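Quantities reported herein were computed from a predicted structural model and do not represent experimental measurements.
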Amino acid sequence: MASTEYMHRAWFVIFGAFTCLFCTIGFMNSFGIFEEYYGRNQLSSSSSSTIAWLGAISIFFLFSISIGAGAMLDIFGPKLMVYSGSIGTVFSIMMISLCQEFYQFLLAQGVLLGISMALVTWPMLALVGKYIKIKRAAAMGIVLAGSSLGGVIWPIAIDRLLESPSIGFPWTMRIVGFIMIPCFIFSCSVAKSPMAPRSAESETCERLNNEKNPDPDIQPRSHKAEALDFFKQRSLQLLCLAMFVTYFGMFSPFFYTTLYAVEKGFSTTLAFYTVSIVNGTSFFGRILPGIVADKYGKFNCCILATISAGIVALCWTKVTSVAGLVIWCAAYGFASGGILSLQQACAAQVASKNTLGLAIGSVSGSTALSAMANVPISGALSEKYGYLSLSLFSGVSLLLGGIFLIAARLVQKKQLRAIV
């Protein structure tokens with residue numbers, strides 16, 4: 001009975017994390033809509049590269065705070081962070097509806113939104129890893145698919161609301177905030193640390209361990225000591241380096257495919273839906289590789305996804321037809337979706353039970369600077385040297401990240417056919 005209750009709670013946590021990422025990373029994936037809208041309206045006097053810093057700053061805070069959030073989860077549990085992040089996210093959305101100047105958007109949509117989303121996103125994602133032990137990659141893939149679904153739905157919904165003369169920008173943002181409230185209420189209600197059911201077998205093992213170590217002076221290792229030893233692992237260090245390099249170019253197609261399509265003469269309708277195509281196929285790219293990775297190895301599948309995304313990115317400027325653009329967007333969305341879901345599964349694989357939150361936070365935090373730099377660098381490259389330079393930058397970053405992932409995998413097992 002206890003085991004059944006535990007599994008029910010685990011599924012609720014999965015769905016709670018799914019709705020959470022739908023509202024956080026999924027909403028952040030729609031920044032391209034805001035960049036184009038701000039350039040025509042409130043921030044028409046600012047350059048596109050200046051407006052892009054709004055997305056860059058929010059991405060930086062989203063990923064950089066993950067380290068502290070993961071460590072706090074391991075020590076204090078999820079409730080305080082999830083509640084604070086949920087309230088802060090909705091509050092920042094409401095404040096964006098009142099903004100008119102660049103500094104106001106920077107504070108509300110850049111700083112406050114990024115910090116709030118980080119506080120609710122990473123604890124919920126790490127909770128899934130704490131509950132699910134066996135099919136962990138598949139579970140995290142399902143959760144991260146929520147951000148892909150958000151990346152499909154939010155841009156379409158926001159664009160339709162903004163184009164309605166009876167609604168406008170202020171009420172568009174308020175409607176977004178009201179939609180998020182029930183999603184976050186559900187996430188908050190299931191944000192509880194797991195208490196695994198105690199079986200007779202586990203109690204017997206604990207008794208035998210106590211008999212083997214009867215000395216009361218032998219104390220369990222402190223969390224600080226365990227964390228320090230964890231940071232010394234070569235596999236963790238190489239995984240963080242791999243993700244740091246990968247994120248330099250991974251989001252370029254997400255943010256600039258629409259502008260590329262417009263520049264090449266495709267219809268504005270098709271150009272707008274390219275973001276939804278990328279995120280739509282990324283939905284399946286986050287679930288299916290996770291299922292496969294549980295059987296064939298999380299690092300193995302993450303390497304394959306990263307190298308595949310790099311090859312597709314290098315083919316960006318060869319897209320000259322409508323069919324080619326759709327296929328390219330679908331291919332990149334699927335491959336990059338595998339990276340986003342499997343990086344968390346890889347982080348959980350190199351962690352212990354007591355450092356799982358710290359592992360996910362560390363790997364995500366290692367991408368903060370490169371993810372932030374990706375947006376302005378991509379904008380500068382496309383404006384100054386064209387989209388070929390952006391294609392090369394994105395593709396080479398992904399391929400180099402794949403090489404470091406191979407090194408992280410070989411540190412664990414050198415056999416080429418090993419399941420890692």
Side-chain angles (χ1 to χ4, degrees), residues 5 7-31 33-34 58 61-62 65 69 73 77-99 108-109 112-128 130-132 139-162 164 166-194 276 279-280 282-283 286-287:
E5 182 182 350
M7 287 307 301
H8 287 165
R9 182 180 293 181
W11 274 109
F12 276 123
V13 170
I14 289 174
F15 290 130
F18 181 95
T19 58
C20 168
L21 267 72
F22 174 84
C23 294
T24 56
I25 298 178
F27 176 79
M28 197 166 286
N29 284 344
S30 65
F31 178 75
I33 297 294
F34 293 103
S58 60
F61 281 108
L62 173 65
I65 291 177
L73 172 69
K79 281 193 173 182
L80 177 62
M81 287 185 292
V82 173
Y83 278 66
S84 301
S86 299
I87 294 171
T89 299
V90 175
F91 178 74
S92 64
I93 294 293
M94 298 300 182
M95 290 300 100
I96 293 170
S97 70
L98 304 176
C99 294
Q109 193 164 358
L112 180 59
L113 186 65
I115 292 173
S116 300
M117 285 186 171
L119 290 177
V120 66
T121 298
W122 304 117
M124 289 302 302
L125 188 59
L127 269 182
V128 175
K130 285 182 176 289
Y131 272 93
I132 307 298
M140 289 189 171
I142 292 172
V143 170
L144 284 158
S147 62
S148 292
L149 186 63
V152 174
I153 294 176
W154 285 121
I156 297 174
I158 292 170
D159 180 70
R160 295 293 176 84
L161 290 170
L162 288 174
S164 174
S166 61
I167 297 176
F169 179 77
W171 270 106
T172 294
M173 300 309 299
R174 290 164 196 157
I175 291 171
V176 168
F178 288 133
I179 293 172
M180 287 183 177
I181 288 175
C183 296
F184 282 132
I185 288 175
F186 178 67
S187 298
C188 290
S189 67
V190 301
K192 299 175 183 177
S193 295
S276 294
N279 282 290
S282 181
F283 177 89
R286 300 185 193 198
I287 296 177

Applying side chain to side chain contact (heavy atoms under 4.5 Å, CB included), can you list everything that pairs with Phe91, at least two apart in sequence or on another chain? Met95, Leu112
Check side-chain hydrogen bond (donor to acceptor under 3.5 Å, both in side chains) between Ser147 and all other residues, then give those that pass, not counting sequence neighbours. Arg286
How would you list, by chain and number, every residue that makes a side-chain hydrogen bond (donor to acceptor under 3.5 Å, both in side chains) with Arg160, sequence neighbours excluded? Tyr273
Which heavy atom of Ser193 sits nearest a heavy atom of Leu127, and at what distance? CA-CD2, 4.0 Å
Phe169: partners by ring-ring contact (aromatic ring centres under 6.0 Å, His included), with sequence neighbours left out: Tyr37, Tyr38
If you look only at distance, which donor and acceptor atoms sit under 3.5 Å apart when one is on a side chain in residues 10-19 and the other is two or more places apart or in another chain?
from	atom 1	to	atom 2	distance (Å)
Thr19	OG1	Phe15	O	3.3
Thr19	OG1	Gly16	O	2.9
Thr19	OG1	Ser187	OG	3.1

Only counting residues at least two apart or in another chain, list the ones meeting side chain to side chain contact (heavy atoms under 4.5 Å, CB included) with Phe31. Phe34, Glu35, Leu54, Gln109, Phe255
Under the side-chain contact (heavy atoms from CB on, under 4.5 Å) rule, what do Leu98 and Arg174 come out as? Steps first, then yes or no, please. CA-CA 10 Å; Leu98 304 176; Arg174 290 164 196 157; 3.5 Å; yes
Side chain to side chain contact (heavy atoms under 4.5 Å, CB included) against Ala157, all qualifying residues, sequence neighbours excluded: none
To the nearest 0.5 Å, how far apart are CE in Met173 and CG in Leu162? 8.5 Å
Grab the two heavy atoms, one from Met180 and one from Cys23, that are nearest each other, plus how far apart they are. CE-O, 3.2 Å
Please name all residues satisfying side-chain hydrogen bond (donor to acceptor under 3.5 Å, both in side chains) with Ser164, sequence neighbours left out, ordered by chain then number. Ser166
Side chains of Val90 and Phe184: closer than 4.5 Å at any heavy-atom pair? yes
Is a donor on one side and an acceptor on the other found under 3.5 Å between the side chain of Trp154 and the backbone of Phe22? yes
Met94 versus Phe178, closest heavy-atom pair with distance: CE-CE2, 3.9 Å
Name all pairs fulfilling the side-chain hydrogen bond (donor to acceptor under 3.5 Å, both in side chains) condition that reach into residues 86-96, sequence neighbours left out, sorted by first residue then second. none
Could you list the residues that satisfy side chain to side chain contact (heavy atoms under 4.5 Å, CB included) with Ile185, not counting sequence neighbours? Ile181
Nearest 0.5 Å, what's the CD1-CD1 distance between Ile175 and Ile93? 12.5 Å
For residues 119-126, run the donor-acceptor check on the side chains, cut-off 3.5 Å, and write out each pair with its distance to 0.1 Å, sequence neighbours left out.
from	atom 1	to	atom 2	distance (Å)
Thr121	OG1	Thr24	OG1	3.0
Thr121	OG1	Met117	O	2.6
Trp122	NE1	Leu62	O	2.6

Check Ser148 against Ser282 and note the closest heavy-atom contact, atom names and distance. OG-OG, 3.2 Å
